[in-house]
Amino acid sequence: MADIRSAYYHDPARRPERDALNDLVREVFGLDFGIWNGLGLDFEEYTPFTLFEGERAVANVSASPLHLTLAGQERVGVQIGTVCTRPEARRGGRIRRLMDAAHDHWQPRSDFQYLFANDSVLEFYQQFGYRPVPVYRFSCPVPAHETASRPARRLSLADPGDLAALRRRADERSPVSLHCGLRRQAWLWLFHAAVAWPESLRLVEELDV
């Protein structure tokens, strides 16, 4: 019997279910959420909708409410992600069940829902009501600058002091834009720092960045 579970992720008593999701994500994407979980930094707004067959996670759709500043006003946009199914369980309608559950849960609690998709799955997501929109990338010349008197120091997530320094800066960061930018999303910044870019963390102390 397959059942959808969504309230387990932040419950310490249900750690095996969280580990089962991590096993699924590791198999499909090659990502290890255990790195993040091991830091003890819980991301309370991350809500997975996971289809379990017995105690094995076979498919997942996660939803993360993000506080955005759009044209100077704060809006709640729910980002859909971590969409995956074990290879042997695909093409059985499992993702549709999970998408419907995520949409039903967040529809009354958000202004809109969105996701990032590569070209190979654009048609797949349109069957759930999503439509493609243009994505823009802005750039500018790097202005002239003075070399720092001290080199940037590499930060280690294994160092409690460095982790606290990263968390403080994540909590205090300003949105990149008041036209379209994220607010109050320290957990998302730290998640990417821990899972995607742990080798690329540097601190320029004299600039506090």
Grouping ILVMFWY residues whenever side-chain heavy atoms fall under 4.5 Å, the cluster of Tyr130 otherwise contains Ile4, Phe49, Leu51, Val58, Val61, Val78, Ile80, Val83, Ile95, Leu98, Met99, Trp106, Leu115, Val121, Phe124, Tyr125, Phe128
Besides Phe138, the hydrophobic cluster formed by Ile, Leu, Val, Met, Phe, Trp and Tyr side chains linked at under 4.5 Å, directly or via other members, contains Tyr136
Heavy atoms only: give me the nearest [X]-[Y] pair and the separation to one decimal.
| X | Y | answer |
| --- | --- | --- |
| Ala63 | Pro65 | O-CD, 3.9 Å |
| Arg94 | Ala59 | CB-CB, 4.1 Å |
| Pro160 | Ala158 | CD-O, 3.5 Å |
| Gly77 | Leu68 | N-CD1, 3.6 Å |
| Ala20 | Ala57 | O-CB, 3.6 Å |

Sidechain N-carboxylate O distance under 4.0 Å for [X], [Y]:
| X | Y | value |
| --- | --- | --- |
| Asp23 | Arg26 | yes |
| Asp208 | Arg168 | yes |
| Asp11 | Arg18 | no |
| Arg5 | Asp3 | yes |

Any heavy-atom pair between the side chains of [Y] and [X] that's under 4.5 Å?
| X | Y | value |
| --- | --- | --- |
| Asp162 | Leu157 | no |
| Val76 | Leu66 | no |
| Arg131 | Gln126 | no |
| Leu24 | Phe52 | no |
| Thr82 | Phe33 | yes |
| Arg154 | Leu201 | no |

If two hydrophobic side chains count as joined below 4.5 Å and joins carry through other members, does [X] share a cluster with [Y]?
| X | Y | answer |
| --- | --- | --- |
| Trp197 | Val25 | no |
| Val176 | Phe191 | no |
| Leu182 | Leu178 | no |

Q. Looking at Tyr8, is Arg14 sitting on its ring face, NZ or CZ under 6.0 Å from the six-membered ring centre and within 45 degrees of the normal?
A. no
When you check the side-chain N and O atoms of [X] and [Y], is any donor under 3.5 Å from an acceptor?
| X | Y | result |
| --- | --- | --- |
| Tyr9 | Ser62 | no |
| Arg109 | Gln107 | no |
| Thr50 | Asn60 | yes |

query: Should we say atom CZ of Arg15 is surrounded by more than 12 heavy atoms from elsewhere, each under 6.0 Å from it?
result: no
message: Taking CD in Gln127 as the centre, count heavy atoms belonging to other residues, nucleotides or ligands within less than 6.0 Å. Is the count above 12?
response: yes
Test your reading of the model: is there a side-chain donor-acceptor pair from [X] to the backbone of [Y], 3.5 Å cut-off?
| X | Y | answer |
| --- | --- | --- |
| His10 | Tyr46 | yes |
| Ser177 | Cys180 | yes |
| Arg169 | Ala165 | yes |

Arg153 vs Arg202, test: side-chain contact (heavy atoms from CB on, under 4.5 Å). Steps then yes/no.
CA-CA 5 Å; Arg153 181 172 68 83; Arg202 302 290 189 277; over 6 Å; no
* **From CA spacing to verdict: side-chain contact (heavy atoms from CB on, under 4.5 Å), Asp32, Asn22** => CA-CA 7 Å; Asp32 186 1; Asn22 194 33; 3.1 Å; yes
At what distance, to the nearest 0.5 angstrom, does [atom1] of [X] lie from [atom2] of [Y]?
| X | Y | atom1 | atom2 | value |
| --- | --- | --- | --- | --- |
| Ser110 | His105 | OG | NE2 | 9.5 Å |
| His67 | Leu188 | NE2 | CG | 11.5 Å |
| Glu199 | Ser156 | CD | OG | 9.0 Å |

Hits for side chain to side chain donor-acceptor pair (under 3.5 Å) against Arg86, two or more places apart or cross-chain, chain-then-number order -> Glu27
